2 protein chains.
Amino acid sequence: MATIDDVAKLAGVSKGTVSSVFSKKRPISKEVTERVLEVAKELGYYPNHIARSLAMKKTMIAGLKMPISKDGIMSQFEIQMINGVIKECSKHGYRVLLDTLPEHDDPNQFSSDPVDGMIMLNPRKHDPRIARYEQMGIPLVLVGRPDPIDAKVSYVDNNNTQLSYEVGDYLLRSGHTSILFLNASSDMTVAYDRESGLAEAFERHGLSLHKEYVINYSRRLHSSPTEYGYISIHNTYQRLEYTAVITDTDRVALGVLRAARELGIKVPDTLSVIALSNDTKLAQEMTPKLTSVELSAEKLGAEAAHLLVEKMRDPAVMRHHIVQAELVYRESCKQLR
Amino acid sequence: MATIDDVAKLAGVSKGTVSSVFSKKRPISKEVTERVLEVAKELGYYPNHIARSLAMKKTMIAGLKMPISKDGIMSQFEIQMINGVIKECSKHGYRVLLDTLPEHDDPNQFSSDPVDGMIMLNPRKHDPRIARYEQMGIPLVLVGRPDPIDAKVSYVDNNNTQLSYEVGDYLLRSGHTSILFLNASSDMTVAYDRESGLAEAFERHGLSLHKEYVINYSRRLHSSPTEYGYISIHNTYQRLEYTAVITDTDRVALGVLRAARELGIKVPDTLSVIALSNDTKLAQEMTPKLTSVELSAEKLGAEAAHLLVEKMRDPAVMRHHIVQAELVYRESCKQLR
DNA sequence: CTGAAAGCGCTTACAG
DNA sequence: CTGAAAGCGCTTACAG
């Protein structure tokens with residue numbers, strides 16, 4: 001393919017002039033501009049992004065480091081997060097490089113990415129990569145908090161514990177005292193955070209969260225989140241007699257609603273339902289419309305990207321940002337008093 | 001940050017030697033290797049990907065050209081497709097550059113991407129970018145067929161026309177003669193393809209597809225796909241008296257089911273419902289379980305990536321690949337005879 | 001407004 | 001096994 005040299009020669013000008021015609025960084029006379037453009041078109045010349053990046057030390061690309069799980073499945077949360085990153089980046093003229101390649105065993109094989117900055121998902125404990133990006137002088141923003149917490153690194157995160165406290169408090173204040181909690185899979189830190197938040201709400205109301213009212217999703221036991229919700233209601237409703245159920249996601253709630261319909265339980269009249277995340281975005285399209293928490297995975301991504309953009313402008317910027325998930329009241333909960 | 005020169009000097013060797021230590025492209029003695037590695041570590045040296053790319057004319061990055069809609073929403077189809085692309089690319093050591101930046105008005109501003117090849121979504125009619133990538137010598141694979149069809153470009157696509165023929169044929173053979181078609185937005189080529197496939201099925205059965213039985217989604221008129229399905233049933237059921245409805249996606253079907261419930265229409269007893277795509281993956285979690293088409297968006301992405309990897313190895317490769325969408329029979333359709 | 005030249009940080013024949 | 005030098009295709013002071 002044609003290079004800047006080819007164009008310069010054929011147009012009878014210097015490379016610098018051709019460069020300026022395309023970058024517009026210094027004024028070029030109209031005649032010359034036209035001649036260069038014409039020749040460029042004739043030759044099918046397009047500036048080489050890599051060469052330009054090398055010369056300018058700037059790529060206008062933001063990296064997103066996101067190890068892909070072995071089964072290759074991205075969660076809805078990840079997907080929305082990516083979406084947020086992309087939107088925010090493209091707003092500022094950055095493109096996004098998805099780096100899903102697994103880490104090489106040999107740290108010497110570690111190669112820099114052609115990026116101006118990096119967003120890293122789910123940092124591990126004592127993640128060595130954090131120091132590496134520091135050394136390379138690549139601005140870094142984490143999604144999820146660093147462990148141990150490091151005041152020198154920027155990150156964004158959700159307020160999971162506080163959130164389930166809020167949800168629990170809302171239901172308890174509404175007069176519900178017996179609440180079924182269909183939590184996330186127990187190996188997720190978010191499940192832990194949520195349970196402790198909910199337990200705290202119970203305590204605050206002089207009650208306690210009974211173990212048998214907490215069920216965890218299990219990929220092994222449940223064929224799908226919806227099935228998980230469906231089965232759990234059928235298995236427990238007679239026995240436990242709760243007046244409200246908190247579900248992991250809206251998909252789980254979908255199963256709860258179905259089971260309720262079958263059992264003749266009116267939602268929200270005899271059973272209130274509330275979902276801790278709005279995965280499928282279908283909450284307001286259900287019958288009844290589902291009261292749910294907007295986790296704002298997308299916002300999380302957008303905030304991370306926003307922070308990164310700032311950091312790329314000024315590497316001294318250092319900040320933490322907690323994205324407040326928001327409880328959206330719709331039609332699936334009822335005040336008992 | 002440290003460069004190859006710094007390392008070379010401090011280790012008392014040439015740049016070429018340092019280069020070889022990292023690339024392992026030619027053997028370096030053990031002593032020298034160790035010395036270089038030590039110095040590199042001390043200096044915090046990591047090879048510069050951009051400089052390497054320029055020298056090698058190879059980036060190990062695949063581009064994914066995907067204009068982001070103004071509201072910034074990616075459809076489930078796009079998301080799954082991206083997922084497929086990423087999986088396949090990372091399998092072959094490629095990272096993915098998401099290029100969501102809107103096309104610049106000025107074609108002279110068009111800049112090459114730092115990629116070894118490109119996957120482009122939804123090519124437009126007479127898309128000028130196709131020729132551009134050709135000129136730049138960048139291997140290109142389209143997702144969706146080029147318009148007009150160009151034998152020189154590689155692409156993957158669904159068999160949309162045939163598929164809706166199949167769906168129509170299935171319903172007609174089942175004894176349905178009056179079918180409502182809630183099609184995609186009319187500006188999408190897929191909407192055209194589907195309608196012509198369905199019309200063909202009608203003809204084959206000696207019938208014809210009446211215009212008023214075909215409704216197109218409109219972002220302006222409908223607040224959501226689900227709403228589109230819901231409203232459309234309410235607006236037409238008394239007047240048109242169909243026994244089956246084909247919907248654009250499963251989300252539209254969700255609205256249809258809700259409207260049917262309200263109107264006391266039994267699905268599938270008095271109304272059969274079938275969705276042409278399985279966007280939310282909720283088809284089998286609905287009540288009744290929805291008969292729907294599995295478009296295999298992810299497969300589409302993976303196939304595109306696979307083709308691209310081949311093309312990057314050998315630019316002469318040229319191929320079309322049709323991903324067969326599959327009609328999955330569940331519980332929402334009834335045989336009338 | 002334009003040119004000549006150095007420089008960005010690597011790789012790669014060529015030589016030894 | 002290693003070095004010196006040219007080259008990848010741009011940008012950017014410096015000079016005029």
Side-chain angles (χ1 to χ4, degrees), chain A residues 1-37 39-40 43-60 108-116 135-138, chain B residues 1-37 39-40 43-60 108-116 135-138:
Chain A
M1 105 148 236
T3 72
I4 199 171
D5 248 322
D6 303 331
V7 177
K9 263 171 208 150
L10 198 56
V13 297
S14 73
K15 295 196 291 180
T17 300
V18 176
S19 175
S20 304
V21 166
F22 281 90
S23 71
K24 294 177 174 143
K25 285 200 182 160
R26 51 182 198 176
I28 301 292
S29 72
K30 205 175 165 201
E31 296 99 324
V32 174
T33 298
E34 278 171 7
R35 185 145 42 94
V36 167
L37 250 26
V39 169
L43 259 36
Y45 167 75
Y46 300 102
N48 181 313
H49 184 276
I50 298 166
R52 177 182 282 176
S53 297
L54 181 59
M56 295 175 61
K57 291 165 160 290
K58 198 170 175 29
T59 63
M60 293 306 284
N108 290 319
Q109 284 299 86
F110 184 88
S111 152
S112 73
D113 288 310
V115 299
D116 294 340
Q135 279 187 316
M136 289 193 284
I138 291 187
Chain B
M1 109 149 231
T3 72
I4 200 170
D5 248 322
D6 303 330
V7 177
K9 261 171 208 149
L10 197 57
V13 297
S14 74
K15 296 193 293 180
T17 299
V18 177
S19 175
S20 302
V21 165
F22 280 91
S23 71
K24 292 179 175 140
K25 287 200 181 161
R26 53 184 198 177
I28 300 292
S29 72
K30 205 175 163 201
E31 296 100 323
V32 174
T33 299
E34 279 171 5
R35 186 147 40 94
V36 168
L37 250 26
V39 170
L43 259 36
Y45 167 75
Y46 299 102
N48 181 312
H49 184 276
I50 298 166
R52 179 184 280 176
S53 296
L54 181 60
M56 295 175 62
K57 291 166 161 287
K58 198 171 172 34
T59 64
M60 293 305 285
N108 291 318
Q109 284 299 86
F110 184 88
S111 151
S112 73
D113 289 311
V115 299
D116 295 339
Q135 278 186 319
M136 289 192 284
I138 292 187

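Sequence lines set the chain letters: A, B, ... in the order given, protein chains first and strands last, and positions in each chain run from 1. Not measured: the values here are computed from a predicted model.
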Quick check for you: among [options], whose closest atom lies nearest to any side-chain atom of [X]?
X	options	answer
A/I28	C/dC10, D/dC10, C/dT2	C/dT2
A/S29	D/dG3, D/dG7, C/dC1	C/dC1
B/R26	D/dC1, D/dA13, C/dC14	C/dC14
B/I4	D/dT2, C/dC10, D/dG9	C/dC10
B/M56	C/dT12, D/dT11, C/dC10	C/dT12
B/R52	C/dT11, C/dC8, D/dC10	C/dT11

Exercise for the section: Give a yes-or-no answer on whether the side chains of A/T17 and A/S14 include a donor-acceptor pair shorter than 3.5 Å. Expected result: yes
Fill in the blank from the handout: The answer to which of B/P27 and A/M1 contacts DNA chain D further toward the 5' end, by nearest nucleotide, is B/P27
Fill in the blank from the handout: Residue pair B/K57/B/T33 against DNA chain D: nearer the 5' end by closest nucleotide is B/T33
Exercise for the section: Could you tell me whether B/L54 contacts a base, only the sugar-phosphate backbone, or nothing, with contacts defined as non-hydrogen atoms closer than 4.0 Å? Expected result: base
Practice task
Could you check whether A/K15 gets within reach of a base, just the sugar-phosphate, or nothing at all, counting any heavy atom under 4.0 Å?
Solution key: base
Would you say [X] reaches [N]'s phosphate, i.e. side-chain N/O to OP1/OP2 under 4.0 Å?
X	N	answer
A/T17	C/dG3	yes
B/T3	C/dG9	no
B/Y46	C/dG9	no

Problem - Separation between OG of A/S19 and CZ of A/R52, rounded to the nearest 0.5 Å - result: 7.5 Å
Take atom [atom1] of [X] and atom [atom2] of [N], then tell me their distance rounded to the nearest Å.
X	N	atom1	atom2	answer
B/K25	C/dT11	NZ	P	7 Å
B/K58	C/dT12	NZ	P	11 Å
A/N48	C/dC10	CG	P	17 Å
A/E31	C/dT2	CD	C1'	13 Å
A/K9	D/dC10	NZ	P	13 Å

I need the minimum non-hydrogen distance between [X] and [Y], along with the two atoms involved.
X	Y	answer
B/M56	B/K25	CE-NZ, 3.4 Å
A/L54	B/I50	N-CG2, 3.8 Å
B/L37	B/F22	CD1-CZ, 4.2 Å

Fill in the blank from the handout: Any strand, both distances under 3.5 Å, Watson-Crick or G-U wobble: C/dA15 pairs with D/dT2
